[in-house]
Amino acid sequence: MSEPATPSVMEALVSLAKRRGFVYQASEIYGGIRGFWDYGPLGVLLKNNIRDWWWRCMVECPPVGPDGSVIDMVGLDSSIIQHPTTWKASGHVDTFTDPMVDCRKTQSRYRADHIWTARAMVKRKNGNVDDLGLYSVMSGDDAPEIFAKRIDKVARKTGGGEVQVPVIESFVPFTKLTTEERAKVIGPDSDEPGTLTEPRPFNLMLDTYPGPIRDEANKAYLRPETAQGIFLNFKNVADTTRVKVPFGVAQVGKSFRNEVTPRNFIFRSREFEQMEMEFFCPPDDALKWYEFWRNERMKWWLTLGIKPENLKFRDHDQDELSHYSKATVDIEYKYPFTAPDFGELEGIAHRGDFDLSQHQQHSKVKLDYFDQELQLRLKEQGVAPDEIKKRSRYIPNVIEPASGLTRAVLVMLCEAYTVESRAGVEKFEFFRFPAKFAPIKCGIFPLVNKDGLPEIAEKLYMDLRTKFTCEYDPKQSIGKRYARMDEIGTPFSITIDTQTLTDQTVTIRDRDTQEQVRVSLAQVESYLRERMG
RNA sequence: GCGGCGGUAACUCAAUGGCAGAGUGUCAGCCUUCCAAGCUGAAUGUUGCGGGUUCGACUCCCGUCCGCCGCUCCA
């Protein structure tokens, strides 16, 4: 009798994760630090297992392409800190640095440069023109219209008259006002002046100052995504590794974002780990590859044992696309805290040639690619020489599957978290990890701590530990040891009993069914390997 | 950053302004031939942190940090 994770179990899950050493709050003894988490002894094993599987599926054994040929894929581990111009070129300096304004009255938050202000001038019936104050509306082509409607209402309440609608060019962004003027503005959703706070710059990138001098000229950023390190090395990889377009470069590593509100356990943290791959392809094939990776990535998540009904695609609307993207789809998961809605897990973006073009422009280094195969093919097709020259040299387009490793850990924890009622325990909670990803694969126990059983168990342990992550435990009752293994998601428990002394067989207990099979000592390894996936 | 709620042992939680406790877990010993069993014992707290009120503060007040929910943002 098991029940699915619901929002109410999130706290229980976090407690269990803490109690058994999966995830701790960072700097806990100092009261914690918002948005940062430490992965404990079991958490790091789980995380590494997921990371290794991604690397295996992406770099060492990438999928076969749509045309049946193996995809070229290489790995990379670029620096967290890169030349600051990287982030200028990528657009992160501009788009990640938004001055924000809060309304004290309505609790709304706005981008300061999106608030447009204008004087509300109303021509009364007696011919006088009254100034009703400095009103604001959200920026946009319809700003004058919205402004007019709003002021008309105010005017009617104060005696009527004709609103003098400002032309769109005459609106003044909130950021351009003086401090005194800002204190008099009536917010877009407010009805009294002075409820908007001063704009506060909010840069989503964390910065630091490498070297001895701490000034603006030496400012550098901790990467907000691993992707740019790949783009910076596009030429290096293309020049030194014999890969040919189309090819991919994959990377796993830490990224940093100064999130406004870190929330929901490790879902949104300020330091997180990404698994990103940039796939470079001819512009004409980009959509084909976009479709390909979209499907491949969904297949990959299913290999983690995630229930298909907990995963779904969500295509981005045109107006929510990032500054760089031509098309993006998210793979979403039904987290306990978003349910019944879904939350982001991975984004697959068609980035066009934006990144390489930007870096080419800012670095003045050519980042185009000469496609010799395409040249030959065009020649065979009898295309004119000028045309061949033009088309066989291009800036590749990029398809980017970018997922959060630390989010994958969260999904794994959510998906595996199970509550069952068992004999003696009304609510027994444990992690039902797929064997392949379980931090500990196997516990090895002597049924009792005497009669020569510990010696045999220890010998088996010394052998198995060279092949799987194992634990040996001779202490306490067997039930307690099984329960402890179940709790941390260990799929198998091997017990040495007195029968082992006579026929050299042991029992192997399955975490999910609690059933045991007898296997000879010699076959334990192959038995486990078969079930490990 | 704004608003609301909260913070006591590793975890879950008690404690009229008056001796900081329980269960679970952990550890040790005994006992145990298969599922958190039994018995005995042990360790673990500047009650998030810092101030204030008071003879006396886990308890009341202020500040701060952290967490949860809602804005907002995002892999």
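The analysis underlying the following values was restricted to heavy atoms, covering all of them including side chains, and did not include hydrogens, waters or symmetry mates. Lettering of chains follows the sequences in order, A, B, ..., and the numbering in each one begins at 1. A quick note: this is a predicted structure, and the numbers were derived from the prediction, not measured.
- Not one side-chain nitrogen or oxygen of A:Lys18 sits closer than 4.0 Å to the OP1 or OP2 atom of B:A10.
- At the heavy-atom level, A:Gly35 lies under 4.0 Å from the strands shown only through sugar-phosphate atoms.
- When the side-chain nitrogen and oxygen atoms of A:Gln25 are compared with OP1 and OP2 of B:G67, one or more of them lie within a distance under 4.0 Å.
- Residues A:Gly479 and A:Glu271 both approach RNA chain B. Their nearest nucleotides, taken by heavy-atom distance, put A:Gly479 toward the 5′ side.
- Figure legend. B:A10 is base-paired to B:U24; pairs are counted as Watson-Crick or G-U wobble with both atom distances under 3.5 Å.
- Counting any heavy atom pair closer than 4.0 Å across all strands shown, A:Asn264 reaches sugar-phosphate atoms only and no base atom.
- Atom CD of A:Glu487 and atom C1' of B:U12 are 13 Å apart (whole Å).
- When the P atom is compared between B:U33 and B:A14, the two are found 41 Å apart, to the nearest whole Å.
- Nucleotides B:G63 and B:G6 have their P atoms positioned 15 Å apart, rounded to a whole Å.
- Annotation for A:Trp116 and A:Pro173: closest pair CD1-CA, 4.1 Å, computed over non-hydrogen atoms.
- Note: CZ (A:Arg34) to P (B:C2) measures 10 Å, nearest angstrom.
- Atom name C1', nucleotides B:U46 and B:A42: the rounded distance is 23 Å, in whole Å.
- Screening A:Arg432, A:Arg422, A:Arg511 for a side chain to side chain donor-acceptor pair (under 3.5 Å) with A:Asp486, the sole residue that qualifies is A:Arg422.
- Nucleotides B:C39 and B:C60 are separated by 39 Å at their P atoms, to the nearest Å.
- Ring geometry, A:Phe437 versus A:Trp53: the interplanar angle exceeds 60°, so the pair is classed perpendicular (tilted spans 30 to 60°).
- Using a cutoff of 4.0 Å between basic side-chain nitrogens and carboxylate oxygens, A:Glu28 and A:Lys18 are scored as salt-bridged.
- Heavy atoms of other residues, nucleotides or ligands lying less than 6.0 angstrom from NZ of A:Lys219 number more than 12.
- Between A:Phe234 and A:Phe280, the angle of the ring planes lies from 30° to 60°, which puts this pair in the tilted group.
- Straight-line distance between the P atoms of B:U8 and B:C58: roughly 15 Å, to the nearest whole Å.
- Distance, A:Phe430 CZ to B:U24 P: 21 Å, rounded to whole Å.
- Using bins of under 30°, 30° to 60° and over 60° for the plane-to-plane angle, the ring pair A:Phe428/A:Phe430 lands in the tilted bin.
- At the heavy-atom level, A:Phe428 lies under 4.0 Å from base atoms of the strands shown.
- At a threshold of 4.0 angstrom between heavy atoms, the contacts of A:Thr507 include nucleobase atoms, whether or not backbone atoms are also involved.
- Ring pair A:Trp289/A:Phe292 is perpendicular by interplanar angle, where above 60° counts as perpendicular and below 30° as parallel.
- Note: CD (A:Gln476) to P (B:U26) measures 6 Å, nearest angstrom.
- Contact annotation for A:Arg19: backbone-only contact, meaning every heavy-atom pair under 4.0 Å involves sugar-phosphate atoms and none involves a base.
- The base of B:C34 is paired with the side chain of A:Tyr482 by a donor and an acceptor separated by under 3.5 Å.
- With hydrogens and angles ignored, no donor-acceptor pair closer than 3.5 Å exists between the side chain of A:Glu11 and the base of B:C68.
- A:Arg268 contributes a side-chain N or O that forms a donor-acceptor pair with the base of B:C74 under 3.5 Å.
- Nucleotide B:G67 forms a pair with B:C5, judged by Watson-Crick or G-U wobble geometry with both contacts under 3.5 Å.
- Between A:Asn449 and B:U33 there is no side-chain polar atom (N or O) within less than 4.0 angstrom of OP1 or OP2.
- The phosphate of B:C35 has neither OP1 nor OP2 within less than 4.0 Å of any side-chain N or O from A:Lys480.
- Nucleotides of RNA chain B nearest to A:Phe265 and A:Leu405 differ in position, and the one nearer the 5' end is that of A:Phe265.
- A:Leu453 comes within 4.0 angstrom of nothing in the nucleic acid, heavy atoms only.
- In this structure, of B:C11, B:C74, B:C34, it is B:C11 that holds the atom nearest to the side chain of A:Ser15.
- For A:Phe445 and B:A36, the CZ to C1' distance is 13 Å, given to the nearest whole Å.
- Across all strands shown, B:C19 forms no Watson-Crick or G-U wobble pair with both distances under 3.5 Å.
- In this structure, B:G38 forms a base pair with B:C30, meeting either the Watson-Crick or the G-U wobble geometry with both donor-acceptor distances under 3.5 Å.
- A sub-4.0 Å separation between OP1 or OP2 of B:U26 and a side-chain N or O of A:Arg484 is present.
- When the P atom is used for both B:A10 and B:G48, the distance is 12 Å, rounded to whole Å.
- Listed nucleotides B:A10, B:U33, B:G25 differ in distance to A:Arg20; the shortest reach to its side chain belongs to B:G25.
- You'll find a donor-acceptor pair under 3.5 Å spanning the side chain of A:Arg509 and the base of B:C35, going by distance alone.
- Nucleic acid contact class of A:Gln274 (heavy atoms, under 4.0 Å, all strands): sugar-phosphate only.
- As judged by a 4.0 angstrom heavy-atom cut-off over every strand, A:Ser269 is placed among the base-contacting residues.
- Here A:Phe267 lies in heavy-atom contact (under 4.0 Å) with a base.
- Comparing B:G70, B:C27, B:A36 by their nearest atom to the side chain of A:Arg263 picks out B:G70.
- B:U40 sits 37 Å from B:U59 when the C1' atoms are compared, rounded to a whole Å.
- Proximity of A:Lys475 to the phosphate of B:A28: a side-chain N or O atom is located under 4.0 Å from OP1 or OP2.
- Straight-line distance between the C1' atoms of B:G21 and B:U47: roughly 12 Å, to the nearest whole Å.
- In this entry the distance linking CG of A:Leu13 with P of B:U12 reads 12 Å, nearest Å.
- Across all strands shown, B:G50 forms a Watson-Crick or G-U wobble pair, both distances under 3.5 Å, with B:C62.
- Within the 4.0 angstrom heavy-atom criterion, no nucleotide atom of any strand lies near A:Glu273.
- A cation-pi arrangement is absent between A:Arg509 and A:Phe492 under the rule of less than 6.0 angstrom and at most 45 degrees off the ring axis.
- OP1 and OP2 of B:C35 both lie 4.0 Å or more from every side-chain N or O belonging to A:Arg422.
- For the pair A:Ser477 and B:A37, the criterion of a side-chain N or O lying under 4.0 Å from OP1 or OP2 is met.
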